[in-house]
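Just below is one structure, and these are the notes that go with it.
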Amino acid sequence: MLNDAHITDIVTSAIIDLLGDLHDEHDDIPLDATFAEVGLNSLMLARLVIALETEVGVDPFTGDRSIVDVHTVRELVAVYAEVAGDEQSAALAR
Amino acid sequence: MSAVTTGAAPRVALVSGASRGLGLAVAERLLAAGWSVGTFSRSSTDELDKVLENWPDTFSWTPGDVAKDDMRQHVRTLQERFGPVDALVNNAGVLHQELFLTMPEQRIDELLAVNLAGPARLAQACARQMSVRGRGVILNVSSINSLRGFRGVAAYAAAKAGLDGLTRSLARELGPAGIRVNSLVPGYFETAMTSQVTDENRVRITRRTPLGRLGTTDEIARVATFLLSDEAAFITGQTITVDGGLTC
């Protein structure tokens, strides 16, 4: 089961992978920072969502929800926590 | 075939609607050049079965409808068989001729779904995969109806013009991710789709074409494979018209 801490770890690790050399390995990813403050441009943010689909197994942005309404790393973690919870609840119900 | 032979590892292409005509011709040229090719279409054809027999290890077909199916699933299916997609030929489409004034609303929706919305969703599914690897090429098969007005094809023309707009915007958006996007605009060439053209119109088209004839499927397919190749590595966001000069 994916908990919030696990999802936070997945999201921040994926961001660090995307940033590559742009990220100082001694720094954590601040959860309340905006994507621009973290160093993600719009294309990198799109690639982050694609990478997270592989990691988490779901893409929360296929329906009514849009990535443009998500502004900080913490908000992004919350979206994935919500959809991962929904997926797990659905799996348990089956 | 040298235009699509790069000497690199075998490449993977998805050609939608390659059960006949231009799509199948492009698929065959890619197969002959060493690519692995997947396609889907609503039904199979004898021509398609023959190509599948000739290339059993590198060509695959699944039933599918570009207007209705989950395009990401089609891309995943192809990846499982051959690996990540390097090239998309957004070829699936339907031409229906009918005066706009009397066309049922549902038919308008269907034409836009098959010729624009579905191809856009397929382009997105492939581009997502390509962006991870930082390379790829998308070729949208458009129509001269996107460039010139013709009576009886308003909804089809609107969809194809939309596809050209998609090409230009995607080229801007995906260029930094190493993905090229172009539109191929075939003029009138001999294929099942143009068999609906009346003899009278065929004569008129020929008379208005500077080169004095309809094109051949192979002439269009050659340009398609060129645009997919590394020979076209600096071409993106363009609408390439191959029509014997009809629209010049």
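Order of the sequence lines sets the chain letters (A, B, ...), proteins ahead of strands, with each chain counted from 1.
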Should we count CZ of R76(B) as having more than 12 external heavy atoms under 6.0 Å? yes

Part of L43(A) lying under 4.5 Å from any heavy atom of chain B: side chain

To the closest 0.5 Å, what do you measure between CG (D59(A)) and CZ (R72(B))? 4.5 Å

Atom group of R121(B) that falls short of 4.5 Å from chain A, counting heavy atoms: neither

When you look at CD of E173(B), are more than 12 heavy atoms from neighbouring residues, nucleotides or ligands closer to it than 6.0 Å? no

Would you mind checking which part of S42(A) comes under 4.5 Å of any heavy atom in chain B, side chain (CB onward), backbone (N, CA, C, O), both or neither? neither

I need the Q129(B) CD to T54(A) OG1 distance, nearest 0.5 Å. 9.5 Å

